[in-house]
Amino acid sequence: MGRQIYIFDTTLRDGEQSAGINLNTREKLEVARQLAKLRVDVIEAGFPISSRGDFEAVKAIAQEVKGPVIAGLARANLKDIDRAWEALQYAEKGRIHTFIATSDIHLQYKLKKTKEEVLKMAEKAVRHAAACGSEVEFSAEDASRTELDYLCDVIEAAIEAGAGIINIPDTVGYSTPKEFGDFISQIRQRVPGIENVILSVHCHNDLGMATANSLAAVASGAQQVECTVNGLGERAGNTALEEVVMSLATRKDFFDCYTGIKLDEIYRSSRLVSSLTASPVQANKAIVGRNAFAHESGIHQDGVLKERTTYEIMNPATIGIVMDGIVLGKHSGRHAFKERMEQLGFDLTEEELGIAFEKFKDLADRKKTISDSDLEAIVAHEVKTVPEKFTLEKIQIYTGTNIIPTATVGVKVEDKYVEDASCGDGPVDAVFKAIEKVTGFHVELAHYSLNAISGGKDAVGEVTVKVIYNNNLYLGRGISTDILEASARAYLSAINKLVNGQGEESLTNGN
Ligand code: KIV
Ligand code: ZN
């Protein structure tokens, strides 16, 4: 059976530190529930001291999500650790993850502390975290650029102080596979007591080697890999969960390791994270990209038709991609729709199914065939939504060359109908200004993006907006075959979140 490799998912912490990503507590809970279904061993739910929003999310996840260990990040100081434990204490099994940088560069320029001081801080932090009654993970930030003798001393001190998990980050994605693998072997040989703890690695992808470095570490004896769904994370991201897990599964002959991951939940996890974070997955992304199992060349197609394994080393069904379902369109009935939803793994109540079916019929009137991505978008945008104070009823735009764009928007406000019009710098601007008039909320637009969910002339467009109101950030999304309507829906959904108080207090979540 081989060795078990523990999967520590940090999508909600390091992943959420990616530029432009900001999830609210409800969205973080949705991701955490899916991570539990995926059966990750550890969910790093956030960095509790970084903001009130992060604290609340970690607490909510600790209270609700059962199965995986729930971890929270804390710098190596008592205040951070106490705040982390305040949120984590409710978990079935909580883990305080405390860290301090150990490389000369970080000591000299960032911390302005001596090696002795940092070693003492690490020791004190771990001892304090262990005294909370929590399982403790210690990370030596920038470990891969740390002088080895000193790193071994810090690790030894952390183990003696009570750390049960030692994490070796390649914080800036600087290492290479052979070098990182050897580094892990050295640590295993030199640190007394290392055999009694879980040795973990945490790689960043600045040179595109995060997965390779993590796997080299596994080959050298590392037992835990820290990663994120779709490789989200600071700068170029973290090690991609799906790449590590599928490498270990596909090349079991080589690694002789296994994970507890439920492989057929990988694709769904990828789609959910992509949709909630509004971060499209690049088409040629390994494992979960749109083209990961597409065979374009005639020779390849011929080969795959004769024998799939000629050009496919993995079966898409293994990661939960449903390849040959029924094609849904205008004439499809509720039964076929329900069956497809079940095949895609959606667990909808009868009421939710009814809403989804109605939206599907509306879309099918405008679009010939409805793809799985369209169905996922319907569930994400139309079913699992926040209660709406403002519902879009009408949108009419007058635009063209040498014309000042004008938009009229009609909105149902509880049971009243309100309509108003506005001009703008462009049609989208006109729509947003008209919405501000009818809702009475004047917000600052911080982000706008448009993404085609499915291909073709009748593709469904997904618009994501981020708006700021009273220093809080609200994310809104909308879909439609008409991009101006999708824009209006996105803007209104952000305003509905504002009305429901579902924003994020802090605009930054870094460490
Ligand atoms: O990259 C890094 O070093 C980190 C640590 C906090 C584990 O994210
Ligand atoms: Zn990191």
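Ligands are counted one by one from 1 in listed order, and the atoms in each one are counted from 1 as well.
Under 4.0 angstrom from ligand 1, there are no non-hydrogen atoms of Arg75. Contact annotation for Thr171 and ligand 1: heavy atoms of both the backbone and the side chain come within less than 4.0 Å of the ligand.
In this view, Asp80 and Arg75, Asn77 satisfy the side chain to side chain donor-acceptor pair (under 3.5 Å) rule, not counting sequence neighbours.
The closest approach of His204 to the Zn ion (ligand 2), by N/O/S atoms, is made by NE2. The atom name of the N/O/S atom in Asp14 closest to the Zn ion (ligand 2) is OD2.
Around atom CZ of Arg188, no more than 12 heavy atoms belonging to other residues, nucleotides or ligands sit under 6.0 Å away. Within 6.0 Å of the OH atom in Tyr448, the count of heavy atoms belonging to other residues, nucleotides or ligands exceeds 12. The environment of Lys178 atom NZ is sparse: at most 12 non-hydrogen atoms of other residues, nucleotides or ligands sit within 6.0 angstrom. Atom NZ of Lys66 sits in a crowded spot, with more than 12 heavy atoms from other residues, nucleotides or ligands closer than 6.0 Å.
Close contacts of ligand 1 with His204, meaning ligand atoms under 4.0 Å from a residue heavy atom, involve 1 (O). Atoms of ligand 1 found under 4.0 Å from any heavy atom of Ser139 (numbered from 1 in listed order, with element): 7 (C).
Note on Glu27 versus Lys497: salt bridge recorded, some NZ/NE/NH1/NH2 to OD/OE distance being below 4.0 Å. Electrostatic pairing of Arg95 and Glu135 counts as a salt bridge here, judged by a charged N lying under 4.0 Å from a carboxylate O.
Nearest residue to atom 4 (C) of ligand 1 from Arg235, His106, His202 is His202 (criterion: closest heavy atom).
Considering backbone and side-chain atoms together, His97 places no N or O closer than 3.5 Å to any N or O of ligand 1. Looking at Glu226 next to ligand 1, no N or O pair under 3.5 Å apart turns up. Of the polar atoms of Glu141, none of the N or O atoms is found under 3.5 Å from an N or O of ligand 1, judged by distance alone.
Between Phe441 and Tyr469, the ring centre distance stays below 6.0 Å.
In this structure, Arg13 is part of the shell of residues with a heavy atom less than 4.0 angstrom from ligand 1.
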